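I'd like to ask you about the structure that follows.
A note on names: the letters A, B, ... follow the listed sequences, proteins ahead of strands, and every chain is numbered from 1. The model shown is predicted, which means the values in this text are computed figures rather than measured ones.
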Protein chains: 2
Amino acid sequence: MSNIREVARLAEVSVATVSRTLQQPDLVSLKTRNKVLAAVKAAGYKPNLMAVRFRSGKTHNLVVLVPTVANVFFARVISGMQEAAHENQYALLLGNTLGDDEMEAAYAKMVQTSQADGLIQLRAHNPFSAAEPAESNDEAPALLPMVNACEVLDKAPCPTVVLDNRAAASAMTEHLLALGHRRIAMIKGPARSPLTRDRVAGYRDALQEAGVPFAEELLSPGNFSLQSGYQAAGDLLALPDPPTAIFCENDEMAIGAIQRIKQQGLRVPADISVAGFDDISFAAFTDPPLTTIAQPAEEFGRTAVRLLIDVLEGKLSKAPKVILPFDLVIRGSTGPAPGQ
Amino acid sequence: MSNIREVARLAEVSVATVSRTLQQPDLVSLKTRNKVLAAVKAAGYKPNLMAVRFRSGKTHNLVVLVPTVANVFFARVISGMQEAAHENQYALLLGNTLGDDEMEAAYAKMVQTSQADGLIQLRAHNPFSAAEPAESNDEAPALLPMVNACEVLDKAPCPTVVLDNRAAASAMTEHLLALGHRRIAMIKGPARSPLTRDRVAGYRDALQEAGVPFAEELLSPGNFSLQSGYQAAGDLLALPDPPTAIFCENDEMAIGAIQRIKQQGLRVPADISVAGFDDISFAAFTDPPLTTIAQPAEEFGRTAVRLLIDVLEGKLSKAPKVILPFDLVIRGSTGPAPGQ
DNA sequence: GTGAAAGCGCTAACAT
DNA sequence: ATGTTAGCGCTTTCAC
């Protein structure tokens, strides 16, 4: 690989002039500039960005911590990030952490060791906290070079991008209530997830509003996988007084639930309605097509990246909380409660 | 951020000793080592990896070129890459290229400008070719710091990881033939993809073997999306003599096809059988569950990364072609041809 | 408008 | 066992 010195030699100028020609051409006379450009071409010179970045202290890399890329929703979020990152000349370092704290800490270290400028976390966990109990200066805690999106910490020390999960869950529950359902179950995610907490809260809000008593047994735990939806639906169906509608915390679980329901010989939505959350591409292709809450997944990614870049460039003094809109998408999987 | 000099000052040793303590502790006396370690802690010192890498000329970054992360199959491949990369202390730079040559060239440039050591391409296209018509030395063309996986160039100048797509398509077609089908359609991918070419070849192999004439009209083009499967199935069903089985080049298209078939009032597999390719997680949850070809997606990723690292470390003199196994997974979407 | 030289943080000869 | 020093490729004062 040729370096700047070789170009300088070929063009018979100093290295400084070569650097200037490439960085601030106005400072160089046209004649010299052409000479240099010719030499650059002749040498097949490509600036070593490692060196540039080392010197500038900016890597132009962003770490993305995602529980699983293999999740359709997250894949869309990453797609959006990619788009915004590329537009802003940043590259994305992918950290598929499987929700493992240590793995996350390892990736967070990339920021601390100047391999990346900042980090985007899609889970409610501060990957830096484990790394090192931040130097306890008496100063106000500085803004971490991080953005927390989708599943967000309650007191995130950084900008956040969220959906109003509580309102969304409430909207879906209201839809089900309006169809005459009174036994509405919910297949939820991991109990300690803020996502689950907010969505369950929204579900309860709607129930209370409608004067329908909340029943603990109608809350069935899942882990966002197809299998867990299948499993949870089985449990719900086995109840003495089974639900007439099941609201799932994501589309995968809803798809799993639908399969289980059909296997029991029941019809969706004639016997039991099913709703999901996310509106992944497959949601429109289930049988029947899935009623769900659409989230602007790509926009989550784009917004997160833009915010992070703002933080890195010092354009932000306070950590904003961006709330993205949701959309209730009614398809065929929800219908009037039996006997309505 | 503290640097090595500060630590040296604190520990009252030279910078070299600090470096050695961290890199080759055996060369340093226990006493000095402890002194240094204490200083490292006191200073909150984290080596600047940008500097380390700049100096070593190795970035420990790998660029991954993927047409779309939002594709379930690719997401699994990336998952596997991530795993192998992390094991080997490499990080993955994600390039969601949307199959755009220019975008790919831009990412390829990251390798040429020392932002990444190598590249993995999941599409049949050489991202370096566009970048610069490789210096035409008379030397034998060197091994590019690249691995081509999944969809592979015919004459890839690098290691490749593939499935025997022809054999897999043939196996699926044989399965359909064995069920008595004679009008077997295929919803294929983009015509110029080697994937499509090989799979169609395998399909024709099996047909010929069984003495079933090939019919051009039974080949319907798609683009691997749910929608395109839906569309293509509609076209096939409108044929004067429609097929009794449809083999789709991926699961998404199969899922789209199934929806279309049901909308026409036909039953799967009683009236028409449907088969897919990939065995994505959703395949087991369609109604009926999808017969498909399982590909070891994660293994594609792992193998590609390992091969690339071998190339980078100069362990490979020739470019190997690794062929991964497939598995015919028979579920409920394929059954005896009507009237059997 | 151009060149000389310092220096980013680190490692690795080479000395001692 | 430890220190001294050169240098990775580049940018950026500071002179001229």
Please state how far atom CG in A:N3 lies from atom P in D:dT11, giving the value in whole angstrom units.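 Computing the A:N3:CG to D:dT11:P distance gives 12 Å.
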Report the distance from atom CZ of B:R53 to atom P of C:dA12, rounded to the nearest whole Å.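 Whole-Å distance recorded here is 15 Å.
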So if I take every side-chain heavy atom of A:V52 and compare against D:dT11, C:dG9, D:dT2, which nucleotide ends up nearest? D:dT11
If each of A:V13 and B:R5 is mapped to the nucleotide of DNA chain C with the nearest heavy atom, which maps nearer the 5' terminus, i.e. the 5' end? A:V13
Would you kindly give the CE-to-P distance between B:M50 and C:dC10, to the nearest whole Å? 12 Å
For residues A:H125 and A:E104, is any side-chain donor paired with an opposing acceptor at under 3.5 Å? yes
If each of B:R55 and A:I4 is mapped to the nucleotide of DNA chain D with the nearest heavy atom, which maps nearer the 5' terminus, i.e. the 5' end?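 Final value for this comparison: B:R55.
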D:dT4 phosphate, OP1 or OP2, under 4.0 Å from B:S14 side-chain N/O: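 Answer is no, no contact under 4.0 Å.
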Separation of B:R33 atom CZ from D:dA1 atom C1', in whole Å?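 The distance from CZ of B:R33 to C1' of D:dA1 comes to 11 Å, rounded to the nearest Å.
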Please pick, from C:dT11, D:dT12, D:dG9, the nucleotide with the shortest atom-to-atom distance to any side-chain atom of A:A16. D:dT12
Figure out the CD/P separation between A:Q24 and D:dC10, and round it to whole Å. 16 Å
Among B:R302, B:R306, B:R76, which residue satisfies the salt bridge (Lys or Arg N to Asp or Glu O under 4.0 Å) criterion with B:E83? B:R302
Between C:dC8 atom P and B:L49 atom CG, what is the distance in whole Å? 18 Å
Could you tell me whether A:E313 atom CD has more than 12 heavy atoms of other residues or ligands within 6.0 Å of it?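 Enclosed.
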Tell me which nucleotide among C:dT11, D:dC10, D:dT2 gets nearest to the side chain of B:V28.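 From the listed options, D:dT2 comes nearest.
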Other residues, nucleotides and ligands only: do more than 12 of their heavy atoms fall within 6.0 Å of CD on A:E12?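 It does not: A:E12 CD has 12 such atoms or fewer within range.
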Whole-Å distance separating the CG atom of B:L22 from the P atom of C:dA12: 13 Å
Would the base of D:dG3 count as contacting B:R20 through its side chain, where contact means a donor and an acceptor less than 3.5 Å apart? yes
Please report, rounded to the nearest Å, how far the P atom of D:dT2 is from the CG atom of B:L30. 10 Å
Would you indicate, yes or no, if C:dT11 has its OP1 or OP2 atom less than 4.0 angstrom from a side-chain nitrogen or oxygen of B:S19? yes
I want to check one thing: is the phosphate of C:dG9, taken as OP1 and OP2, less than 4.0 Å away from some side-chain N or O of B:N48? no
For A:F300 and A:F73, take the angle between the two ring planes, folded into 0 to 90°, and tell me which bin it lands in: parallel under 30, tilted 30 to 60, perpendicular over 60. perpendicular
Any side-chain N or O of A:S29 less than 4.0 Å from the OP1 or OP2 oxygen of C:dT2? yes
